[in-house]
Amino acid sequence: MLRLEALHKRYATGEVALTSVDLEVPKGQVMALIGPSGAGKSTLIRCVNRLVPPSGGRIFFDSQDVTRLGSRKLLKMRRKMGMIFQEFALVERLSVMENVLSGRLGYVGFWRSFLRKYPQSDIDDAFRLLKRIGLDHMVDKRADELSGGQRQRVGIARALIQDPQLLLVDEPTASLDPKTSRQIMRLICELAHERNLACVINIHDVPLARMFAQRVVGLRLGEIVYDGTPEGLNDDVLTEIYGEEDWHINKYARKAARQESSCEKEETAKPAAMSV
Amino acid sequence: MNSIIHPPQTWVRQPFIKSKTVRYCIYAGVVLYIILAFNTLEVNWVRVWEGLPRGQKFLAGFTPPDFISRWEEIVDGVLESLWMTVVSTVVGIMISIPVALGAARNIAHPLVYFFCRGIIAVSRSFHEILLAIFFVKFFGFGPFAGFVTLSFATIGFYAKLLTEDIEDTSASQSEAIQATGASWWQWINYGIQPQVMPRMIGLGLYRFDINFRESAIVGVVGGGGIGATLNTAFDRYEFDSAAAILIVIIAIVFLVEYTSGMIRKQVQ
Amino acid sequence: MAVSQQGNLKVWHRFDRKQQWISWAGWLTGTIIFVYCFQLISEKTFWMFVWDAPTQVGDLAYRMIPPTWGYFDKIWKPLWDTINIATLGTLLAIIIAVPIAFIAAANTTPSTKFVRPFALLAIVSSRSINSIIWALLLVAIVGPGLFAGIIAIGLRSVGFIAKLLYEAIEEIDPKQVEAIQATGAGRLQVLTYGIVPQILPAFAGISVYRWDINIRESTVLGLVGAGGIGLQLNASIMELAWSKVSLILIAIIITVIFSEWISAKVRHAII
């Protein structure tokens, strides 16, 4: 489905973001890409749809070499890759519907999109998706009136209405609270399974990655240092990816919480159960 | 006994320019400049002194303002200024939009960028009245020259400020539109336009204000409008009519500014 | 709502019917006004002259190129004068504008009913009248020369600086002022500790910005006799010495771009 061969990226500033990455993602697989800030996660997924032009190596998608495509073909290729962004990246002054429909831009001509005259099939699709993500009552709200979780749902709908074969997801939960984060991740994964999409998720929240991904790839300084199951993410691997750190800090937090609750006897030990 | 003697601690406010040399150089430069400027001023104080009583008489000539004897010309002039303002604002903005897109660093190709920046620089460098002198020479006396002048001057203002707004747009929003496979025009329409729209309307109204005010001076060199009426009044030494015209200009500017301010508030 | 049900289809339009009509009506009225205004201008235009314009442009370009470079020696002094008009005029304006701004700002004015309206009126009158017209008046009063130019620039800039400054004063954070008041500070102390630090960057920015505009304006004051490079320009135009005119225009462009560069640098340093 998606295959990267010796992908290399060096920015104009001289900074090397990706040294040489080889990676293959089959159809229907949800893959989490973890790693510290500056490891090149964002660069990697932006190279796939060439929002950032790669400086070396090949990207094969749907048996075509993305790095060699002319600009017209590139636009056609981008339609097949839905992208979900950190901090949502909705066009804030457009309505929810317009934002969702903007996912169809690669399919409709300029005047149609300019006049907002989308084919009825697109509109039907949009309503179906909005219903699926639970926002069908907010069609005409402006994007900047929504809460964070609602915005990210719209972002997901915008990516899915493209009818993609691949989802590129960049830190989808970076600005969401823990509960909403889980809901959003669950939604993305469910939708990916329903449609049998390949899915690359950049995420820095390791517990979330463990919970939802079928496969985890760890990136450090532009190189893959781990590629395996979520279960295989033991302390040594985490140290390999992120550097030295006590990965059991929550053990002490739990203990501390227990002590606290024993001091205040009216309180039950609820806080301990909440900590993850 | 180990007593440490603390030196008395002093505190002075940190000056804005931290390096002492630079600071004193700037002070010295300012003083030097003021001395030089005043020495080369060559003001003929005698002439100024003698002029004062004459000035008084001159000002007396302004009162009371005479609205009546030239009323029709004043109305004609104001209307002509208004037409010029409307047409030149619209045309100026229509030309400014592509220029602004071309001059925005995050959108344009470098070659286009320098060309559009050049247009803006030229338009901004020359005062309306200078432009008017040339356009009157090219197109003849009358409101057409005034209209061309104001349109051209609008580009320097509108395109420059719009460019700044385009460069300030959120990169993630426009990136998201690019990721959908949108074409260049679709990208501008969905990714950029919604972000700059409120500013475009605000700037347009603001420029409408300015154009009306400027339309009062392009007339002085033959560009039509209320300025022409004012100039005629001066030439005929009808200072009371001139005063009336100035008052009318102030009133209309105030009105236009007030309404455009109201509309701008509504938009935001 | 822009969503409607048609049979079993759910249809979406950007606007509902009413909004659609308003939008169309707006565009239509706009176009009609525009065409009408253009029509009126066109009636007062000799189109023959307009069609002749390209020839005129070509002719003038032919006369203007190459510029008389030797004339440069004679325009140093007027250029210096031009810069002085702008700078001294701006200084004068600042001195007058600051108290007016404090009187005009709703949160610092001594009296909303009696003094504030006068300050606002002063601001509006100063802003509405272009510096060229101020110069026209002043040349008649104090005679031609730099002095008239400086006063003209000053009078025009008072309104500009005072307006932007009083808006800045009105937008200050009242919590900071409250905090200073809470320390038991007097009125003037509140001013210097609570208000001035908040508006200082805006004030400096506004002044430099106006200075930049004034450079541009003072290049043309000479056309009505108020000194500066405009005098030379006017003289050259009168004697149809177009190659000198083009040289002066180049000098103006350089000066204006230079002043814009300085103003941008200074504003950048402040903020």
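Chain identifiers are assigned alphabetically (A, B, ...) following the order of the sequence lines, protein sequences preceding nucleic acid strands; residue numbering begins at 1 within each chain.
- For A/R158, the part sitting under 4.5 Å from any heavy atom of chain B is the side chain, from C-beta outward, and nothing else.
- Contact annotation for A/L90: only backbone heavy atoms (N, CA, C, O) come within less than 4.5 Å of a heavy atom of chain B.
- Between the side chains of B/S88 and B/S151, no donor-acceptor pair is found at a separation under 3.5 Å.
- Using a 4.5 Å cut-off between heavy atoms, A/M81 contacts chain B through its backbone alone, with no side-chain atom that close.
- For B/S183, the parts lying near chain A are the backbone and the side chain together; criterion is any non-hydrogen pair under 4.5 Å.
- Here the side chain of B/S81 pairs a donor or acceptor atom with the backbone of B/I226 at under 3.5 angstrom.
- For A/R50, no part sits under 4.5 Å from any heavy atom of chain B, backbone or side chain.
- At a 4.5 Å heavy-atom cutoff, the contact between A/Q162 and chain B is made by side-chain atoms alone.
- Counted by atom type alone, A/S95 and A/D140 present zero donor-acceptor pairs between their side chains at under 3.5 Å.
- Using modelled atom types, one finds no donor on one side chain facing an acceptor on the other under 3.5 Å when comparing A/S55 with A/Y11.
- In this structure, the portions of A/F110 lying under 4.5 Å from any heavy atom of chain B include both its backbone and its side chain.
- There is no contact between A/E87 and chain B, counting heavy-atom distances below 4.5 Å.
- A/S175 meets the side chain to side chain donor-acceptor pair (under 3.5 Å) test with no other residue; sequence neighbours excluded.
- Listed by sequence position, A/S113, A/F114, A/R116, A/Y118 are the residues of residues 113-125 of chain A in contact with chain B, using a 4.5 angstrom heavy-atom cutoff.
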(message) Determine whether B/F152 and B/F126 satisfy the following criterion, ring pair (Phe, Tyr, Trp, His ring centres under 6.0 Å), listing intermediate values before the conclusion.
(response) CA-CA 10 Å; B/F152 191 71; B/F126 295 120; 8.7 Å; no
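- Taking chain B as the reference chain and counting heavy-atom pairs below 4.5 Å, the highest number among A/L94, A/L105, A/N49 is found for A/L105.
- Here B/Q186 is the residue among B/Q195, B/Q186, B/Q193 with the most heavy-atom pairs under 4.5 Å with chain A.
- With sequence neighbours excluded, no residue forms a ring pair (Phe, Tyr, Trp, His ring centres under 6.0 Å) with A/F61.
- Partners of A/Q183 by side chain to side chain contact (heavy atoms under 4.5 Å, CB included), not counting sequence neighbours, listed by chain and number: A/R153, A/K179, A/T180.
- In this structure, B/F147 has its ring center no closer than 6.0 Å to that of B/F135.
- Minimum heavy-atom separation, A/V30 to A/A192: CG2-CB, 4.2 Å.
- For the set B/G191, B/S172, B/A179, the entry with the most heavy-atom pairs within less than 4.5 Å of chain A is B/A179.
- In this structure, a donor-acceptor pair under 3.5 Å is present between the side chains of A/S42 and A/D170.
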